[in-house]
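Quick notes on the structure that follows.
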Amino acid sequence: MSSAEEKAREFLAIPDPLAGRSPARPLAPLSPAALGSGGPSPTRADMARRRRVALGLGALWALLIPLVFGLRGDLASPPVLLQVLLPALLACAALWTSQRPRRGLGPSAVEILALGAASSALFVATALLAPCEQRGATLVQNALVCGGIELAFSVVPVLLAAWALRRSAVVGPAARGAAVGLAVGFATATALTLHCPQFDGLHVLLGHGLPVLLALGLAALSLRRALRA
Amino acid sequence: MLSTLSLGVFGGLARSASASRGGRALVASSSELTPADAAMARYADGDDGAFPEVHRAVAERLRTFLLRLCRSQALADDLAQETLLRMHRARASFAPGAKLLPWAYAIARNVHIDHARSRASRRDEPAPDSGDVASPLAGPEASGEEILRARELAAIVEDTLASMSANQREAFVLIRYEGLSVEEAAAVLGVSEGAVKLRAFHAYEALRAALGDAAPKKATHASKANPKAGRP
């Protein structure tokens, strides 16, 4: 017998303090009153419907930015298209990761951390492909305007997620909330980039990228309780 | 080094468990679903009539799991009821093809954590008594000396489990006593499999040290007196 198997047998030999206990009386079934407390319990179909509604409303909400403020004129340019499409793809990846079942218990915090790190790195690399000419007060002022709009537009989708994903995270609700926040942040960044005509790399980083991280933090904190099962 | 050692132990655990045990394997082959898993899936889809079957399948195991964590029978009963209620409310989060037990254990763990937090915030509430848990490991045909020794062992295990960190205790309890695979325990605790192995290994080392060199003999002795002893 190998040493590992011997150790495994020793592991199994640790006695169970509850073994041999006389069985307690059976646990009483839950009363209909208890089951009915706190409102009706949604089924999978109900939750799937809620998710579709929330996704549709959230997308419409984000699209209000280009619809209300107008589309930028240089969308046909490949570098600009890349700045628009990358956050859209990252939003899809974050949304997909946040809904991964992983043995029925949701994505792990490690997966979400890896996703956050990889998507941030990609976003930074793409933003820095553009020239970085803005400096000083102009940079800060423009970044604050775009960042403020993006963050403000992120609040409603986060609230929709809190409704649609209520009690859906048995494990790691904060991590799942962070993934949802990442998806919301990138989706709003996509919508903002569809409107904002500034191509400057530093502006994109500070005005469009930084609010994604703030949305992530906001969602992780605010969804932690709502999502916990 | 430590990590390699713990991986070796759990590798051996998987081999010895699959080779020797006819009953529930310690490292389960997790592909096949049980009738309870199917009942929970039906319940999640809206078949309210499936809940009694789910209740029968998990209630006792949840109560035992919570008793191991909180060390009070009355409190474990309350927390198990709360867990079942949360399972009902969160039924939609039960993914298609998922296994019931890890999902239920994860909710029970949340309930226990919430209770511990609320108790910490209400400092005047007394801590749960530990007298409910220690019980004879020996069977009815065991001699008085064997029963006494088994009680001593049970008390040592209980005290050592209570003194270790919650992370280590949960990992050890889920794998050793509740019979979850390392993969399932990792999913329940929301950490990597390596982290679970390390936590369970640390707990095992602490228990082994507390029980001393004679522990395996005593445990074997107790197991002979009661074949159920030492099994989840």
Side-chain angles (χ1 to χ4, degrees), chain A residues 1-30 34-35 37-48 50 99-110 165-173 175 227-229, chain B residues 8-9 11-13 15-16 44-46 52 55 59-60 63-64 67-68 73 77 80-81 84-86 88-95 98-99 102-103 106-107 110 133-139 153-154 157-158 176-177 184 187-188 190 192 204 207-208 216 219-220 222 226 228-231:
Chain A
M1 190 187 295
S2 73
S3 126
E5 282 180 2
E6 200 169 313
K7 283 228 173 239
R9 294 208 179 280
E10 284 181 23
F11 181 88
L12 288 169
I14 299 282
D16 180 357
L18 296 187
R21 284 173 75 240
S22 52
R25 61 181 167 74
L27 210 59
L30 290 173
L35 289 172
S37 65
S41 161
T43 62
R44 278 183 193 151
D46 298 332
M47 291 300 273
R50 276 194 202 181
Q99 301 304 308
R100 263 196 72 202
R102 191 188 175 236
R103 306 183 66 81
L105 296 172
S108 71
V110 176
L165 302 174
R166 191 161 178 243
R167 293 187 188 130
S168 67
V170 172
V171 175
L227 265 55
R228 195 160 187 258
Chain B
V9 168
L13 199 61
R15 281 194 295 278
S16 69
D45 282 332
H55 190 284
E60 202 50 48
R63 179 156 68 170
T64 309
L67 179 57
R68 292 184 200 283
Q73 185 70 63
D77 285 1
Q81 291 283 22
L84 289 161
L85 191 58
R86 283 204 203 179
H88 159 70
R89 287 178 182 158
R91 61 178 169 173
S93 72
F94 186 75
K99 298 193 84 179
W103 183 77
I107 294 180
N110 287 348
V133 174
S135 60
L137 288 159
L153 276 179
V157 172
E158 266 308 305
R176 168 64 186 89
Y177 296 142
E184 286 171 338
V188 167
S192 67
Y204 158 70
L207 283 162
R208 206 172 61 124
T220 311
N226 176 8
K228 279 185 169 180
R231 286 192 186 177

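So you know, we letter chains A, B, ... as the sequences are listed, proteins then strands, and number each from 1.
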Contact class of His55(B) relative to chain A, heavy atoms under 4.5 angstrom = side chain
Applying a strict 4.5 Å limit to non-hydrogen atoms, the region of Val170(A) in contact with chain B is both
Arg228(A), part contacting chain B, at a heavy-atom distance under 4.5 Å | side chain
Can you name the side-chain contact (heavy atoms from CB on, under 4.5 Å) partners of Ala28(A), sequence neighbours left out?
-> Gln81(B)
Between Pro42(A) and Pro40(A) the two heavy atoms that sit nearest each other are CD-O, 3.4 Å
Around atom CZ of Arg86(B), are there more than 12 heavy atoms of other residues, nucleotides or ligands at under 6.0 Å?
-> yes
Do Arg91(B) and Arg44(A) touch side chain to side chain, with heavy atoms closer than 4.5 Å?
-> no
Would you say Tyr177(B) and Ile14(A) make side-chain contact, with heavy atoms under 4.5 Å?
-> yes
Heavy atoms only, distances under 4.5 angstrom: which of Asn110(B), Thr64(B), Val157(B) has the most pairs with chain A? Name it, please.
-> Asn110(B)
Ile107(B), Leu84(B), Leu85(B): which one forms the most heavy-atom pairs within less than 4.5 Å of chain A?
-> Leu85(B)
